[in-house]
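Protein chains get the first letters and strands the later ones, always in sequence-line order, with residue 1 at the start of each.
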Amino acid sequence: MDDPRTVRGDDHRSGSGPVVVLYGDVTCHRCQEATRRLRAAPVELVWRHLVLRARGPRPRALAHALEGAARQGRFWPLLDRLLGDPAHTEDPDLWRVAGELGLDVPRFDADRRDGACVDRVDRDLRDALALGAVGTPAILVGDRPVDHGVPDERWIDALVADHLRR
Amino acid sequence: MAIIAAGTPVPDITLKREDGTDFTTADLRGRTTVLVFYPFAFSPVCTDQLQVYEEVVRELADQGAVLYGVSTDATWSQTAFREQLGVSIEQLSDFEPKGAASKALGAYFEPAGMTNRALVVVGPDGVVAWSHLADSPGHLPGVDKLREGVAAVAA
């Protein structure tokens, strides 16, 4: 199995700069805030899923929806919409947003229930647990221990400064 | 306070189950037991920890191991906590006398008057097979530690 600390060819990546891998759940407030901050920061953000069964079925369904959107190149736009309006993430909301993002909605709906999407989310969960994640968000930077904080300006500045020194 | 070491028989302890009955040293015999000590019900950090551990309950059960959450909270609080978390991990209360079992196992944090962040794995023979005390109560052991502890029973 490949090393989850390295960026993979099928990872969802956005931005440029030092790599920050975030294992998250779009229904988790801390993940929402961490993602918003990292999306606006000069970093390369890699999003992976950490959806816990104890939190009910919706986090997992939304992770599958993100993977379904990724099949049509709309992972980040859908993630941004879910983060921007976390109160509206039921299936009718997903169909509406998918349409607004220009997705082929019937295809999106089939894809998000596809076994490969489910496997992808399960793989991310297994990796996060093996890395020692004990909550969300779980953030990986290089060889550092898993970090469960919400990155603030100081954290981001230090990361970028360290990256520039290398 | 040092955590109870591997190879040590578990001393006489009594905790309260969620149904009000006693959980004693005798209940440790015959299967592997993982005691997950956490400081407080409803604290944000503990919330994440037990939800993450829930992911491996079945995996550990397949290895003959049962997980329990242990804190000095009263049973009613623990049950409400477990239900809110959506986890199946049974809770054991070390409420009265406060922390007596946790102290006997070296899993009590005197400065704050609470259970420390610790894991104790007891083999079917009632002897500690593996133990772990976090560097601080805010430092959570991941499921990699649970796996390491249960593997120590089989070793």
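In terms of heavy atoms, A:Val134 sits closest to B:Val52 at C-CG2, 3.5 Å. Pairing each heavy atom of A:Gly132 with each of B:Asp144, the nearest pair is CA-OD1, 3.7 Å.
Using a 4.5 Å cut-off between heavy atoms, A:Leu125 contacts chain B through its side chain alone, with no backbone atom that close.
Atom CD of A:Glu153 has 12 or fewer heavy atoms from other residues, nucleotides or ligands within 6.0 Å. More than 12 heavy atoms of other residues, nucleotides or ligands lie within 6.0 Å of OH in B:Tyr68, so this atom counts as buried by the packing criterion.
B:Leu15 is connected to B:Val66 through a chain of hydrophobic side-chain contacts under 4.5 Å among Ile, Leu, Val, Met, Phe, Trp and Tyr, so both are in one cluster. If you chain together hydrophobic residues whose side chains sit under 4.5 Å apart, A:Val160 and A:Ile139 fall into the same group. Cluster membership check: A:Trp155 does not share its hydrophobic cluster with A:Val146, using side-chain heavy-atom separations under 4.5 Å among Ile, Leu, Val, Met, Phe, Trp and Tyr.
Between the side chain of B:Gln51 and the backbone N or O of A:Gly135, no donor-acceptor pair lies under 3.5 Å.
The shortest side-chain heavy-atom distance between B:Glu55 and A:Leu129 falls under the 4.5 Å cut-off.
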